[in-house]
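Letters A, B, ... are given to chains in the order of the sequence lines, protein chains preceding strands, and every chain is numbered from 1. On a predicted model such as this, the values are computed, not experimentally measured, just so you know. These values consider heavy atoms only, across backbone and side chains, with no hydrogens, waters or symmetry-generated copies.
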Amino acid sequence: MPIPKAYEASEHEDTIYQQWEDAGHFTPTIDPNKKPFVISMPPPNATGQLHLGHATMLALEDIMIRYHRMKGDPTLWLPGTDHAGIATQNKVEQIIANQGLTRHDLGREEFLKKVHEFAENSKDTIRNQIRKMGASCDWTRERYTLDEGLSQAVQTVFTRMFEDQLIYRGDRIVNWCPRCSSTLADDEVDHKEIDATLYYFTYGPFIIATSRPETKLGDTAVAVNPTDKRYKQYVGQTMDINFGDHQITVKVVADKSVDPKFGSGALGVTPAHSHADYELAQKHDIKVVQVINEEGLMTDVAGKYAGQTVQEARTNFVQELKDLGLMVKEEPYKQNLSICYRCSTSIEPLISKQWFVDVNKPVLDWKGGKHSLKAVALDVIRSGDIEIIPDRFNKIYFNWIENLRDWCISRQIWWGHRIPVWYKGEELKVSATAPGPDWKQDPDTFDTWYSSGLWTFSTLGWPEQTEDFKYFHPTSVLETGYDIIFFWVARMILMTTYATGEVPFKQVYLHGLVLDKQGTKMSKSKGNGIDPLDMIAKYGTDAVRLSLVIGATPGNNVRLYEEKIAGYRNFVNKLWNSARFLLMICQECEMIDHETPNNFPVKSIADKWIVSRLHETVKDVTQALEKHLYSEAGVKIYEFLWDEYCDWYLEMSKDKDQNPQLLVAVMQNILKLLHPFIPFVTEKLWEKLGTGKALIIEEWPDYTQIPHDQDAINQISIIQAAIYKIRSTRTELKIDPVRKLNAIIYTGDQYLNTFKDQSHHLQKLARIEDLTIQATGPKVDEAAHQVLSGGIEIYLPLRGVIDFDKELSRTNTEIKETKQYIMATHKKLSNEGFIKNAPPEVVERETDQIAKAKAKLVQLEERLEQLK
RNA sequence: GGGCGGUUAGCUCAGUUGGCUAGAGCGUCUGGUUUACACCCAGAAGGUCAUUGGUUCGACCCCAAUACCGCCCACCA
């Protein structure tokens, strides 16, 4: 039974996946004699849906994984999910908000139960969606950041850092999100430009400018530039400033960071609510007064404004300043507002007691010395222990690490790993469980990235020295989006080098963002998003995978649109149908060799040609994959299948010298090369055309085992050129494509045998009835005339059909073009520098080309004479 | 303010050690039921490779500057 005419992806994919998984093909065998290939899957958040970013990640990683598995490497792709502290908690808070509830209404325990339920549900969804993408990851090793073992790892690392005094608790200025009621790390703060007002008002003897007048109620200093003559007299003084009945006391300090040209040149310093001011305060020993609390309300310090929101206080205070006649002017001002990366609420910098990781303390044993986390994180890239692809991200990474401040790791949200610290009065103990009665645990949880920073090794059983950890760590490649380089990649490097003394991975491959056809970011609000699952349902996973991989280069964004996916669906169908054709011919002759792949029984020149081209393709694809050039590898095999195997070899096979064994042998190799890219359709076809073993665990082709014959390539190329010429001549002369023509070809001596051997292909593919092939011969009247490079002449006798004026002008045009080419090439060849400096093979090629063009020109000119 | 990326056919993009007369898919046009595939086949039209200068025997590719588009970091109150 022939297979159906069109490939219906949805009918096969789930079954095939199930077969792979049931057969255990995703689980590697540990072999101490072999070097493993390992990827830790970046864990999707346990919050819901697979999006195109995940799809890209899965497609690329699955290509790497399948390629290495076929190469015979013990290959581990470890999947999992991330509890995603703030993100997940926010999601659930939104859900209960619909019932008019807050997490505080439910209480910690009850709320966490709800989040847990939600996350478990999402995990199921995500797991199935990862399977839909065809990801061949080892589900037997699936992990979740809140698993028992991973929590153990978190506690162990915290304890060790605490003992190394790398972790400290202290009052520091932090980024506070009033809506999340939590701190955020510096890189978890986004920025948004807004139209704000810059207020200038009288402030004792100064006029100061600020966009946040309400914070001035918490000022403890005024800073001026040391060179600023206007204010020199005040420096060092302490003075009281009155706003009506409200008084503040400020110290006047000089600091060169103050720009005398901005505003009035005098800066009101609010150490508790600005990072920059906080640093000034540290430097000049300035008092810190908190005027905004953790709910975003004014504190008692603000006097009559106490209890008001920041916004209210601003409006009211501005009004009061105006009433008092203190307001000097208001200017429109572009302010770069800090907002929360999870809920877009405006961030309040404030002072809070939090846990920090010291990134500058040299406590880490690394390459025979003691170094800071920061220093090691820089060293691993500088020394090449870790390679970032593309390497332009090195600079971005260095810049971030170099400017890294101590990392605030405590969060006031509930969903996450609890900080393993207990208090009893003034006493403090680090312990996973209560050290005894009356001890109270720190209410805070860890920054999500603290636990995901351990992902490559916590998932392998660390802190136990498990067989998995010893064998599979460090991992080979970390593949992820460039938008996550700071959040995650940098954190993994910091945490892993500290905890294990190893790098987490040897290479980092960064992919770009998926954008729509106009190049804008896809988002729910814009409605321009493409749901990968819809596309899978419509076009099949294989097509979706190709559309995300081909045309994408590392670190660069890709645009995705439905027509593109449809195009790759067509490719998948093309493959299906070429296999269908093989099955039709092989069914009769039962000639499929299931036993000895890579046996290439060549008979004809065309056979030698396709095998040689297969050799080149296997080589190109393999080398591209080794260099992480996935798009290029995909394009190469795409073109080989469609343009050469189908359009030429298959067509040539519809003839007397059909060679079914070879057709199948080549197809088997094509299926292998394509399998990492489009695993489903290739596995399906392998059932019919393969060896009986599953394709997923077949051996990757070795091009050195495939014969290569340059002469066969040259011979077929010249035949193809002749066929192209005849076909285009027909179109130009508007000859009915169905009509058979006669042809006379003068080949010269070199190609006489080639043309004679291949005459049946010429006849068939160029639709030639009577074909005369000779080395030379007389000019033919009333015929279309074409000359191939090298002087091979083709006559198509068309008595009464040829328009001689047209033929004349066509010949003239071609003569002109050929002359131009000869002149350009001649110029190149008569340039001494070229002969001297260009590689010999380039010079040789040019010499050869000019000779061929000259031969062609002679023929064309003779023809012109004849036409006149 | 600092840094990065992009600019190649109507659209989306390839073009990795600088060397054939710059390519593909989609779209357009002309034709086409040939031993698979109309999700197909054959052919055609369409490009001063953003601009200017430099290096080189030779530049889409390297360097410098400019313009426009996009992104990241910093945060001058």
Side-chain angles (χ1 to χ4, degrees), chain A residues 2-3 5-7 187 191 198 208-212 215 223 257-259 261-264 266-270 274-277 335-336 338 390 392-393 395-396 399-400 403 482-483 485-486 512-513 515 517 519-520 539 550-553 555-561 563-564 566-585 627 629 631-632 635 638-639 643 646-647 650-651 653-655 658 724 727-732 734 736-738 764-765 767 817-818 820-821 824-825 828 831-839 841-843 845-846 848-849 853:
Chain A
I3 58 180
K5 229 169 143 167
Y7 173 64
D187 51 312
H191 297 277
L198 193 59
I208 60 140
T210 181
S211 59
R212 301 201 55 192
T215 63
S257 71
V258 179
D259 178 357
K261 289 192 279 294
F262 186 90
S264 62
L267 164 64
V269 182
T270 323
S274 152
H275 284 94
D277 291 6
Q335 190 189 9
N336 217 350
S338 298
R392 65 184 148 87
F393 283 94
K395 215 168 162 177
I396 296 171
N399 180 55
W400 190 80
N403 294 309
Y482 67 72
D483 52 333
I485 184 165
F486 306 133
L513 270 39
L515 308 174
K517 195 167 184 176
T520 45
Y539 299 106
I550 294 190
T553 43
N556 294 320
N557 299 340
V558 231
R559 299 187 187 192
L560 186 72
Y561 40 94
E563 302 94 288
K564 188 167 166 183
Y568 290 112
R569 185 268 323 264
N570 295 353
F571 172 73
V572 169
N573 192 240
K574 185 75 184 176
L575 174 67
W576 179 261
N577 272 288
S578 54
R580 185 164 175 263
F581 176 73
L582 295 200
L583 292 170
M584 286 170 76
I585 50 178
K627 288 191 277 182
L629 300 174
S631 176
E632 193 178 306
V635 167
Y638 178 107
E639 288 174 346
D643 302 342
C646 288
D647 288 350
L650 234 72
E651 291 307 318
S653 294
K654 295 172 181 176
D655 207 297
Q658 190 173 78
Y724 283 133
R727 284 170 174 173
S728 67
T729 305
R730 298 178 88 115
T731 301
E732 275 175 45
K734 302 213 182 308
D736 181 356
V738 188
K764 169 129 177 128
L765 298 175
R767 305 197 133 251
E817 283 170 5
T818 309
Q820 273 173 4
Y821 176 68
T825 310
K828 207 185 267 185
N831 182 331
E832 269 181 50
F834 177 73
I835 304 294
K836 212 167 63 198
N837 298 318
E841 61 271 23
V842 174
V843 178
R845 189 170 57 218
E846 294 294 336
D848 184 49
Q849 295 282 37

Discussion item. Nearest heavy atom decides the nucleotide; on that basis, is Y482(A) or R392(A) closer to the 5' end of RNA chain B?
Written reply: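 First, find each residue's nearest nucleotide; the 5'-ward one identifies R392(A).
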Taking the same atom, [atom1], in [N] and in [M], what whole-Å distance lies between them?
| N | M | atom1 | answer |
| --- | --- | --- | --- |
| C20(B) | C72(B) | C1' | 41 Å |
| U48(B) | U8(B) | C1' | 12 Å |
| A38(B) | C26(B) | P | 15 Å |
| G32(B) | A50(B) | C1' | 41 Å |
| C61(B) | G23(B) | C1' | 15 Å |
| G15(B) | A44(B) | C1' | 24 Å |

Heavy-atom contacts, protein to nucleotides 11-23 of chain B, under 4.0 Å, summarised as B (base), S (sugar-phosphate only) or - (none) per nt, yield SSSSSB--BBB--
A correct 5'-to-3' footprint of nucleotides 34-50 of chain B, with B, S and - meaning base, sugar-phosphate only and no protein heavy atom under 4.0 Å, is BBBBSBSSSSS------
query = So what does K836(A) touch, heavy atoms closer than 4.0 Å: a base, only the sugar-phosphate, or nothing?
reply =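 No contact.
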**Report entry** Base-paired stems that RNA chain B participates in, counting runs of 3 or more Watson-Crick or G-U pairs under 3.5 Å
**Finding:**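 Result, WC/G-U stems under 3.5 Å: B:1-7 with B:67-73, B:10-13 with B:23-26, B:28-32 with B:40-44, B:50-54 with B:62-66.
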Notebook entry, point to check: Does NZ or CZ of K654(A) fall inside the cone over F581(A)'s six-membered ring, less than 6.0 Å from its centre and within 45° of the axis?
Noted result: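 Yes, a cation-pi geometry.
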Could you tell me how far apart F393(A) (CZ) and C71(B) (P) are, to the nearest whole angstrom?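 Spelled out: CZ on F393(A) to P on C71(B) is 14 Å.
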